*Asks:* 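Have a look at the structure that comes next, please.
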There are 2 protein chains.
Amino acid sequence: MFHKVLVAEDLDSISIAVVQALGEISILEIHHAKYCDDAFLKIKKALHDNQPYDLLISDLSFKPDHRENKLCSGEELIEAVKKVQPDIKTIVFSIEDKSFRIKSLFNNLGINAYVSKGRDSIPELQKAIQRIYNNEEIKLSPELSHALRDKSLFEIESYDIALLKSLSKGLTLEDISSEFKDSGIIPNGSSSLEKRINRLKIYFKASNNVHLIAITKDLGLV
Amino acid sequence: MFHKVLVAEDLDSISIAVVQALGEISILEIHHAKYCDDAFLKIKKALHDNQPYDLLISDLSFKPDHRENKLCSGEELIEAVKKVQPDIKTIVFSIEDKSFRIKSLFNNLGINAYVSKGRDSIPELQKAIQRIYNNEEIKLSPELSHALRDKSLFEIESYDIALLKSLSKGLTLEDISSEFKDSGIIPNGSSSLEKRINRLKIYFKASNNVHLIAITKDLGLV
DNA sequence: ACCCCTTTTACGGTTTCCCGTAAAGAAATG
DNA sequence: CATTTCTTTACGGGAAACCGTAAAAGGGGT
């Protein structure tokens, strides 16, 4: 079994159970960080001491705090960690259940497993750790494995996100047009923006801008 | 100390720590339910057996499931429980940190304490239980106690929520007007709706409908 | 009953959204 | 280089939102 595991989780009520669960499957060294920055420091320290972590289990969202942090989310943490220790195994343990967000974790960050916090997630987490240790195939829910194959999910790019973000800030198309011109983002003609928004509306089956923002907010896209 | 306590919490990763924390402060009978419906049944059963619960600790949001449930949220659960056992003590233990939502829990449901899931919430939960048992004053964060006094926070009613919900579904004012007429909700003239939306826009400092929905979505109002 | 005040509704003008069409520009192909 | 094709931009008309004003309807008071 893995020797040294780091848990990055802000909620004490959850980390207690996770640490306990790791103990149950006879992991010897279990460390825990409440902030992404702390987790990153521990990873670097361990690497420097030639006693690197085998596995990182991280949450995605961390509550903002009085503390100033450089890394504020699980995504940022994993990205940073992979740069200093590319071979580390990673599991994301989060409440998030939007398939395209999980998809991007596998595709962009190369995580090894995703376990959704739910009514029976502790055993699932233990199983996932076991599987990774044995280099077994990751088991995914049918819905999720479909999402991973579905290309269309991935064609919503940063441009669209920026557009949706600006919309949700209450800007008019004209506003966004000049905003994009200033930032050098193209296309930026109000007519092009309109067309792009229309594509999004068709894709998300939204009947107008308000509806579109409501939907994409629900999906966590903005 | 309390004898019999019920924990309503869907995430196993959290309920484990909560149950453990209750054991630490020598509570003898600790029960746990993953669904609001189950929790309600247990309360009723205990009451019927003349061994009622002293305290209910509940989460607010419960993940939807394959299971059909009558009660889907902590609010609904507490409301139902208070009808059959008005004297029961209640603590809400949730990640929610929007002050006006917490405010409504105290004012509408008459909860005894609110503990926000965070980096140090298990000790806080234990302290809150102790305080309630000793009938001490509830300690609130300054921000929150201010919110409880602030009247303006409370004037967003179910009417506004219904309106925002309809808006976020992509309906036009005309649509909503006839929808409200059908449901017997008044006022329902499109002009009144407009005026009400305008009040909300001023209150939330939104520049248009899209912005308004984005803000209220963020606040968890819709 | 009358007056006062609040709430609800109605109306008009302006802006923005919405949607189709078409022109201008850029990239690709032969 | 000419032709095709795709992308970006422009334009125009109708719908809905936006905003101020004012009339109608309802609800206490005296």
Side-chain angles (χ1 to χ4, degrees), chain A residues 151-152 154-218 221-222, chain B residues 151-219 221-222:
Chain A
K151 283 226 169 172
S152 65
F154 222 43
E155 277 155 20
I156 294 146
E157 317 149 18
S158 57
Y159 180 88
D160 299 279
I161 308 287
L163 184 49
L164 290 168
K165 281 229 169 82
S166 296
L167 262 183
S168 70
K169 271 187 257 170
L171 304 180
T172 71
L173 290 182
E174 228 54 54
D175 293 337
I176 300 174
S177 173
S178 40
E179 191 196 44
F180 276 21
K181 268 170 196 148
D182 291 346
S183 323
I185 302 174
I186 48 170
N188 52 41
S190 57
S191 182
S192 301
L193 297 176
E194 229 173 90
K195 191 151 284 187
R196 196 75 169 226
I197 289 173
N198 213 39
R199 257 192 35 186
L200 290 170
K201 281 198 284 209
I202 291 167
Y203 181 74
F204 288 113
K205 304 192 214 315
S207 49
N208 56 36
N209 279 359
V210 176
H211 198 190
L212 178 65
I213 292 300
I215 292 170
T216 52
K217 274 268 174 203
D218 279 339
L221 271 174
V222 282
Chain B
K151 284 229 171 171
S152 66
L153 277 176
F154 217 42
E155 277 153 20
I156 294 145
E157 320 151 16
S158 59
Y159 180 88
D160 299 277
I161 308 287
L163 185 49
L164 290 167
K165 282 229 168 83
S166 296
L167 261 183
S168 70
K169 272 188 254 170
L171 304 180
T172 71
L173 289 183
E174 228 55 54
D175 293 337
I176 300 174
S177 172
S178 39
E179 191 197 43
F180 277 22
K181 269 171 197 148
D182 291 346
S183 321
I185 304 174
I186 48 171
N188 53 41
S190 56
S191 180
S192 301
L193 298 176
E194 220 174 294
K195 191 150 283 184
R196 196 76 169 227
I197 290 173
N198 213 38
R199 257 190 36 186
L200 290 169
K201 281 198 283 209
I202 292 167
Y203 182 75
F204 287 113
K205 302 190 215 319
S207 49
N208 56 35
N209 278 359
V210 177
H211 198 188
L212 177 64
I213 292 300
I215 292 170
T216 51
K217 275 266 173 201
D218 279 339
L219 293 176
L221 272 174
V222 282

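Below, chain A is the first sequence line, B the second, and so on; all start at residue 1. Computed from a predicted model, the values in this text were never measured in an experiment.
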*Asks:* Is it the case that atom CD1 in Ile186(A) sees more than 12 heavy atoms from other parts of the structure closer than 6.0 Å?
*Replies:*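 Atom CD1 in Ile186(A) is not crowded, with 12 or fewer foreign heavy atoms closer than 6.0 Å.
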
*Asks:* Could you check whether any side-chain N or O of Asp175(B) sits under 3.5 Å from a backbone N or O of Thr172(B), counting only pairs where one atom can act as donor and the other as acceptor?
*Replies:*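 A pair under 3.5 Å: yes.
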
*Asks:* Restricting to non-hydrogen atoms, name the atom on Leu212(A) and the atom on Lys201(A) that form the minimum distance, rounded to 0.1 Å.
*Replies:*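 Residues Leu212(A) and Lys201(A), closest heavy atoms: CD2-CG, 4.0 Å.
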
*Asks:* Send over the distance from Leu212(B) CG to dC18(D) C1', rounded to a whole Å.
*Replies:*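 Distance check: Leu212(B) CG to dC18(D) C1' gives 13 Å.
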
*Asks:* From CG of Asn208(B) over to P of dT16(C), roughly how many Å is that when rounded to an integer?
*Replies:*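 Between P of dT16(C) and CG of Asn208(B): 10 Å.
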
*Asks:* Does Leu219(B) CG have over 12 foreign heavy atoms under 6.0 Å away?
*Replies:*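 Above 12, so yes.
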
*Asks:* Which heavy atom of Ala214(A) sits nearest to which heavy atom of Lys217(B), and what is that distance?
*Replies:*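 The answer is O-CE, 3.7 Å.
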
*Asks:* Would you mind reading off the distance between Leu200(B) atom CG and dC19(D) atom P, rounded to a whole angstrom?
*Replies:*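 So the two atoms are 14 Å apart, to the nearest Å.
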
*Asks:* Determine: side-chain N/O of Asn209(A) to OP1/OP2 of dC18(C), distance under 4.0 Å, yes or no.
*Replies:*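 Checking Asn209(A) against dC18(C): at least one side-chain N or O falls below 4.0 Å of OP1 or OP2.
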
*Asks:* What is the distance from CG of Leu164(B) to P of dA17(D), rounded to the nearest Å?
*Replies:*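 These atoms are roughly 14 Å apart.
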
*Asks:* Check this one for me: any side-chain N or O of Asn198(A) less than 4.0 Å away from OP1 or OP2 of dC19(C)?
*Replies:*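 Result: yes.
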
*Asks:* Provide the closest heavy-atom pair for Ile161(B) versus Val222(B) in the form atom of the first, atom of the second, distance.
*Replies:*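 For Ile161(B) versus Val222(B), the nearest heavy atoms are O-CG1, 4.2 Å.
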
*Asks:* Of all heavy-atom pairs between Leu193(A) and Leu163(A), which one has the smallest distance, and what is that distance?
*Replies:*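 So the minimum-distance heavy-atom pair works out to CD2-CD1, 4.0 Å.
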
*Asks:* To the nearest Å, give me how far apart CD1 (Ile197(A)) and P (dT9(D)) are.
*Replies:*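 So the two atoms are 14 Å apart, to the nearest Å.
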
*Asks:* Starting at atom CZ of Arg196(B), determine the distance to atom P of dT7(C), rounded to an integer number of angstrom.
*Replies:*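 Taking CZ of Arg196(B) and P of dT7(C), I get 10 Å after rounding.
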
*Asks:* Could you state the atom-to-atom distance from CD1 of Ile213(B) to C1' of dA17(D) in whole Å?
*Replies:*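 To the nearest whole Å, that distance equals 13 Å.
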
*Asks:* Tell me which residues in residues 177-195 of chain A lie within less than 4.0 Å of DNA chain D, going by non-hydrogen atoms.
*Replies:*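 The answer is Pro187(A), Asn188(A), Gly189(A), Ser191(A), Ser192(A), Lys195(A).
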
*Asks:* Would you classify Leu173(A) as touching base, sugar-phosphate or nothing, given that sugar-phosphate means primed atoms plus P, OP1 and OP2, and contacts are heavy atoms under 4.0 Å?
*Replies:*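 Sugar-phosphate, backbone atoms only, no base.
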
*Asks:* Would you mind reading off the distance between Glu174(B) atom CD and dC17(C) atom C1', rounded to a whole angstrom?
*Replies:*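 Glu174(B) atom CD is separated from dC17(C) atom C1' by 16 Å.
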
